[in-house]
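All ligand and atom numbering here is 1-based and tracks the order in the structure.
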Amino acid sequence: MKDGSVDQERDVIVGIDLGTTNSLVAFMQDNHPVCVQDTNGKNTLVPSVVHFTAAEQVLVGDAAKNLLVSDPAHTIYSVKRLMGKSYKDVAGFQGFFGYKILDDDAESLVKIRVQDRYYTPVELSAWILRELKTRAESRLGAKVSKAVITVPAYFNDNQRQATRDAGKLAGLDVLRIVNEPTAAALAYGIGLAPQQSECIAVYDLGGGTFDISILQIQDGIFEVLATNGDTFLGGDDFDRAVIDFFLKQLNIDAEILAEEKSLGQEIRLQAEAAKKALSTADQFEGRIGGKAVRISRTEFESLVQPLVQRTLDCCRNALSDAKLQTHQIQKIVMVGGSTRVPLVKQQVSAFFQQPVFDNLNPDEVVALGAAIQADILAGNQKDLLLLDVTPLSLGIETVGGLMDTIIARNSKVPNKAGRQYTTSVDGQKNLKIAVFQGERDLVEHNRKLGEFVLRGIPPMPAGLPKIDIQFILNADGILTVRASELRSGVAQEVDIRPTYGIDEEEMARMLLDSIAHAQEDRQVRGLLEARNEANNLLYSGEKFLEQNRAILAAEEVEQTKKLLNDLLEATKLDDKDVIHRAIETLNTYTSPLAHRAMDTTIRAAMRGTKVSEG
Ligand code: AMP
């Protein structure tokens with residue numbers, strides 16, 4: 001804040017870096033961004049880890065991280081990797097997680113099972129955000145209710161919306177979602193000068209992920225020209241290389257290590273300590289299981305050289321996507337703890353043929369930039385331009401009366417966004433599209449802007465039509481909603497003026513309501529989504545039984561019917577976890593039957609015969 005102390009009257013807007021491994025919160029003090037430290041005044045990083053104790057108590061941060069090895073099933077990490085994703089998206093790397101990700105429906109968003117409860121990545125991220133909010137509040141001695149949160153440049157609409165939802169659930173009004181590379185550039189003051197125009201690269205090597213982003217900055221607007229990276233490459237791989245080196249030195253083979261957990265843990269800790277020490281020293285000496293180990297900087301560098309080379313290959317690809325050459329990049333910003341490794345700095349600098357920006361703490365730079373963006377939004381940096389934004393979210397009603405946001409609040413105007421939907425009943429010919437404005441999860445609490453019917457969809461089985469809904473918000477604030485069925489080409493559109501008949505006060509009330517009711521809204525949404533999922537499954541389950549009688553044994557039919565009935569009963573209760581459990585039980589039982597049915601169909605098709613009525 002301008003006068004050096006925190007102004008209690010004024011709303012503090014914090015900047016939050018919600019990271020895969022660690023998260024941080026920052027704010028402006030004396031016109032400079034600072035990260036909030038823990039109560040010991042030592043650490044600004046909050047590990048992005050959530051632990052559920054047997055007594056259903058929730059621990060976040062270091063306390064949770066300490067239980068990662070001893071109680072992996074109840075300790076959730078890397079939840080950012082799951083934000084806004086369906087099971088299908090993450091099926092390939094389920095083995096990476098120590099906890100249970102549910103495999104119930106490839107299309108729906110992932111859930112995480114802890115004991116008998118089901119959590120979404122949004123709920124888990126909200127725990128981390130709540131911890132950051134509390135930390136900031138105790139540091140500032142004031143309530144914190146507004147934030148800017150950063151996300152990777154490659155996050156899609158679903159992932160950004162999930163991040164907004166997590167903020168809301170944590171009691172935060174998320175004023176803006178900002179790209180991490182943009183925040184990092186802001187922390188170095190890049191893009192703050194008016195009329196500045198340049199291309200920059202942001203090289204972000206963290207614990208588990210690597211991202212390179214190429215940005216073009218013009219008149220205060222940051223445009224992402226290209227992103228590239230590797231979602232499984234980072235400091236953890238450097239640690240692994242050192243672990244293997246120490247194992248060889250100690251003559252221990254990897255199998256023994258798998259059995260001796262405490263020895264494994266000791267080696268891991270020593271390997272990370274060695275790596276960190278070698279960022280400043282030329283030699284590391286330590287002890288593992290009473291025996292001496294040593295590694296030199298040169299040895300370490302030859303171990304990690306191939307990993308660093310992989311990051312440079314990504315840089316090359318990003319440049320080629322952005323249609324730029326290295327000499328057209330004017331600045332390179334280093335982000336992430338692993339950019340402290342001298343070899344990384346040297347090689348990146350050699351690749352781009354110029355020195356890199358590395359004076360700020362690479363762990364903090366994104367949060368610091370988020371605090372600067374927050375300050376700009378608060379109107380404290382008057383000379384910086386603020387783009388026009390939509391004051392409330394715009395979306396449509398989906399099954400069960402849920403609001404599906406298509407253009408999020410605070411998105412810049414003009415804007416265009418769309419999503420695809422399908423029908424839920426066989427042969428459905430018409431689809432009603434009701435457009436709403438507001439932040440609540442149920443449309444009944446939001447403001448209806450209009451509705452229209454897309455008619456003449458040719459009869460098709462449920463789920464087959466592809467209905468594309470586009471929201472086009474022009475510079476004058478007129479919203480055009482266009483619906484088209486992509487297989488047949490039938491289309492319809494309407495124009496709406498969302499700000500007509502609503503004043504600032506009403507908008508503010510709608511916003512405050514959404515934060516006050518975030519918890520209950522979330523519960524209702526969870527329940528309705530679980531019911532929708534169950535209803536789809538009941539529908540397809542009945543169909544499956546009808547079509548596959550020929551290949552199912554009588555007991556299999558009976559058991560499937562019983563589980564379908566259990567699911568039907570579960571949908572009558574107001575508990576989403578009971579529904580999820582019933583879905584999981586049904587899916588576990590029927591998935592081998594479904595595979596058998598598929599094999600039979602394929603075999604029959606190859607013989608040119610038909611086994612069942614379809
Ligand atoms: P981040 O995900 O950005 O917090 O990065 C964390 C990664 O940075 C971890 O792999 C750390 O081991 C690594 N790291 C932290 N400090 C150092 C250091 N001094 N030298 C090398 N790597 C470090």
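- Aromatic ring centres of F245 and F300 lie farther apart than the 6.0 Å criterion allows.
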Short N or O contacts of ligand 1 with protein, under 3.5 Å, listed by atom name?
unit_1   : atom_1 : unit_2 : atom_2 : d
ligand 1 : 2 (O)  : G207   : N      : 3.0
ligand 1 : 3 (O)  : G337   : N      : 3.0
ligand 1 : 3 (O)  : D363   : OD1    : 3.4
ligand 1 : 4 (O)  : N22    : ND2    : 3.1
ligand 1 : 4 (O)  : D363   : OD1    : 3.2
ligand 1 : 5 (O)  : G207   : N      : 3.4
ligand 1 : 5 (O)  : G337   : N      : 3.3
ligand 1 : 8 (O)  : S338   : N      : 3.3
ligand 1 : 10 (O) : K275   : NZ     : 3.1
ligand 1 : 12 (O) : E272   : OE2    : 2.5
ligand 1 : 12 (O) : K275   : NZ     : 2.6
ligand 1 : 16 (N) : R340   : NH1    : 3.0
ligand 1 : 20 (N) : S279   : OG     : 2.7

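- Taking the ring centroids of F210 and F232, they lie at or beyond the 6.0 Å cut-off.
- A donor and an acceptor atom, one from each side chain of T44 and E364, are located under 3.5 Å apart.
- Side-chain contact between T75 and V50 is absent, with no heavy-atom pair separated by less than 4.5 Å.
- With sequence neighbours excluded, no residue forms a side-chain hydrogen bond (donor to acceptor under 3.5 Å, both in side chains) with E301.
- Annotation: cation-pi geometry not satisfied between R297 and F284 (NZ/CZ under 6.0 angstrom from ring centroid, within 45° of ring axis).
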